[in-house]
Colleague: 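Have a look at this one.
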Amino acid sequence: MSDRAGSDLAGVGSAELLERALVVGDPEDDRWWRTVTELQHRTDRGTFDAVAALVDSADATTRLLAVDVLSQYGYAHEKPFLEEALPLFAAACGDSDPRVVASAIGGFGHHYDPRGLPFVLPHAGSEDRGIRFSAAVALATIAGEPPAGEAVDALVRLSTDPEDMVRDWAVFGLGTQLDIDTPAVRDALSARLDDHDPETAAEAAMGLARRGDVRAVAALHTMLADDPSTLAIEAATVLGSPEFLPALRALRDDAGAAESWYIATLDDAISACTPATS
C-alpha cells in the first residue's frame, strides 16, 4: 500500500474523497489508492458508516471502492470497527464481481481473523486468478492457531497453481508464515524447488531450510551459483551448511559496490556457514 497522501487529501471530507475515487473509477490508478489510503487512516464513525453503506450499491465499482477502504479501515489505530466490518466482508465474498470478492478476501486477511476462513476457503479453487491470489495471500493469516487443516490443504493445492504469483504466495504461506511441519507440507515445498519462477523456488528452499530439510541443499547450490535472490542467501544462512561457503564467498568477492544491506546479508550467511573453531 502507498504511504498516506499529503495534506491535500488529509483536509478533504470523506464524502468528497469517495466521489473523487469513483470519478477515477480505476483501481489500477494511483489516484484511486491514494484516496483509499487516506480514508483508511480515518477512524470516525461517520466515515465508516458512509463507506459501509456503499457495500450494497448496485454499481460494482462502488462496491469495490467500499470493500477496498474497509479492508484496512483504521488499521493504524487498532481497527476500531472490526466487528462491524467482518460481516460486510462475508457478504462481499458472495459478490457477482470477482474484484469485489478478491478485495473481501483481502479484508479478512488484513484483519488476521480466523472467522473469515469459512468464507475464504470456497474461493481457493476459483476460476478467477485474482480471487485465487487473494486466497493464497490471506489463508495463512486466517488459518488460526494451530492452523486449520483445511487452510493448510488449500495452500498445498494453491502451491501448484498455474499462476506464478499464486504459487509464490502459497509457498510463502506454507513455508514461512505457518510453522506447521508435516510430511505433506515438506513434500509440497520440495515439489517447488525447481519451479520456473525463481521467487517461488527460493520460498520453497526457505521453507525447507526452516524445517531443517536437507532437500533444500542441492537446490540452494544451484541458486547460489546463478544470480541468487536475497531470499536464497537467507535460506542458506538458516541451514548454515559449510557446503555453501565457496558460492557465498564468490558472491562476496563479486559484490563490489553493491548495496550495504546486500553485503551484510552475504556476510551474515558466510558467518552462519563457517564452522566454529575450538
Side-chain angles (χ1 to χ4, degrees), residues 124 129 132-133 135-137 139-141 143 147 151-278:
R129 64 180 181 179
R132 296 198 311 277
F133 173 69
V137 173
L139 278 167
T141 69
V152 176
D153 291 344
L155 284 170
V156 168
R157 292 193 298 274
L158 287 167
S159 73
T160 67
D161 195 90
E163 294 292 329
D164 291 356
M165 64 181 184
V166 176
R167 293 196 311 281
D168 183 25
W169 273 92
V171 173
F172 172 58
L174 284 172
T176 298
Q177 290 182 290
L178 298 181
D179 288 328
I180 189 166
D181 188 4
T182 66
V185 168
R186 290 191 181 211
D187 288 347
L189 295 173
S190 178
R192 300 267 61 83
L193 287 172
D194 60 354
D195 198 283
H196 73 262
D197 175 55
E199 286 301 313
T200 301
E203 288 290 0
M206 174 59 86
L208 289 173
R210 293 181 67 245
R211 291 159 177 79
D213 194 310
V214 296
R215 284 178 288 184
V217 173
L220 282 171
H221 273 301
T222 300
M223 293 178 197
L224 293 174
D226 184 26
D227 190 24
S229 66
T230 302
L231 185 59
I233 297 170
E234 291 172 345
T237 305
V238 171
L239 280 175
S241 171
E243 296 178 55
F244 300 132
L245 283 173
L248 290 170
R249 286 171 175 155
L251 289 169
R252 183 64 174 85
D253 290 341
D254 292 339
E259 295 283 347
S260 59
W261 61 264
Y262 175 70
I263 293 175
T265 301
L266 282 171
D267 288 342
D268 288 345
I270 291 169
S271 177
C273 294
T274 300
T277 56
S278 55

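Computation of the quantities below employed the complete heavy-atom set of this structure, encompassing side-chain atoms and omitting hydrogens, waters and symmetry-equivalent molecules. Residue indices begin at 1 and follow the sequence shown. Everything numeric in this text was worked out from a predicted model, so none of it was measured.
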Colleague: Over all heavy atoms of both residues, which pair between L224 and A247 is shortest? Give the atoms and the distance, please.
Modeller: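 Where L224 meets A247 most closely, the heavy atoms are CB-CB, 3.8 Å.
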Colleague: Which residue pairs pass the ring pair (Phe, Tyr, Trp, His ring centres under 6.0 Å) test when at least one of the two sits in residues 204-227, sequence neighbours left out?
Modeller: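 Listed by first then second residue: H221-F244.
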Colleague: Quick one: CD on E203 to CD on Q177, what's the gap to the nearest 0.5 Å?
Modeller: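 So the gap between those two atoms works out to 9.0 Å.
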Colleague: Quick check for you: to the nearest 0.5 Å, what is the distance between F172 atom CZ and L189 atom CG?
Modeller: 12.5 Å
Colleague: Determine the minimum heavy-atom distance between A151 and A143, stating which atoms define it.
Modeller: CB-CB, 3.7 Å
Colleague: What's the verdict on side-chain contact (heavy atoms from CB on, under 4.5 Å) for R192 and T160, showing C-alpha distance, side-chain angles and the deciding distance?
Modeller: CA-CA 8 Å; R192 300 267 61 83; T160 67; 4.0 Å; yes
Colleague: Roughly how far, to the nearest 0.5 Å, is OG1 of T222 from CG of D226?
Modeller: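 That separation rounds to 8.5 Å.
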Colleague: I'd like to know whether D181 forms a salt bridge (charged side-chain N to carboxylate O under 4.0 Å, His left out) with R210, so could you lay out the CA-CA distance, the side-chain angles of the two residues, the decisive distance to 0.1 Å, and finally the verdict.
Modeller: CA-CA 10 Å; D181 188 4; R210 293 181 67 245; over 6 Å; no
Colleague: Could you tell me if the side chain of D161 sits less than 4.5 Å from the side chain of W169, heavy atoms only?
Modeller: no
Colleague: Do I233 and M223 have side chains that approach each other closer than 4.5 Å (heavy atoms only, starting at C-beta)?
Modeller: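 No, side chains not in contact.
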Colleague: Do the side chains of T265 and E259 get nearer than 4.5 Å, heavy atoms only?
Modeller: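 Not in contact.
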Colleague: Using side-chain heavy atoms (C-beta onward) and a distance below 4.5 Å, is L139 in contact with L158?
Modeller: yes
Colleague: Which pairs with one or both residues in residues 180-201 pass ring pair (Phe, Tyr, Trp, His ring centres under 6.0 Å), sequence neighbours excluded?
Modeller: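 Listed once each, the pairs would be none.
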Colleague: Do P228 and L251 have side chains that approach each other closer than 4.5 Å (heavy atoms only, starting at C-beta)?
Modeller: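 Answer yes - side chains close enough.
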Colleague: Please confirm whether the backbone N or O of R186 pairs with a side-chain atom of S190, one donor and one acceptor, at under 3.5 Å?
Modeller: no
Colleague: If you take all heavy atoms of R129 and V166, which pair is closest and at what distance?
Modeller: O-CG2, 4.1 Å
Colleague: Has R211 got more than 12 heavy atoms of other residues, nucleotides or ligands less than 6.0 Å from its CZ?
Modeller: yes
Colleague: Within this structure, what is the CZ-CG distance for the pair R167 and L174, rounded to the nearest 0.5 Å?
Modeller: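 The CZ atom of R167 sits 13.5 Å away from the CG atom of L174.
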Colleague: What closest approach, in Å, do V238 and A209 show between heavy atoms, and which atom pair accounts for it?
Modeller: CG1-O, 3.5 Å
Colleague: Report the distance from atom CG of L231 to atom CE of M206, rounding to the nearest 0.5 Å.
Modeller: 4.5 Å
Colleague: So P275 and L245, do their side chains get closer than 4.5 Å, heavy atoms only?
Modeller: yes
Colleague: Of the non-hydrogen atoms in L178 and L155, which two are nearest, and what is the gap between them?
Modeller: CD1-CD1, 3.9 Å
Colleague: Are any non-hydrogen side-chain atoms of L208 and L193 less than 4.5 angstrom apart?
Modeller: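 L208 reaches L193 side chain to side chain.
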Colleague: Please examine the side chains of V171 and D195, heavy atoms only from C-beta on, and report whether any two atoms are closer than 4.5 Å.
Modeller: no
Colleague: Between T237 and D268, what is the shortest heavy-atom contact and its length?
Modeller: CG2-O, 4.0 Å
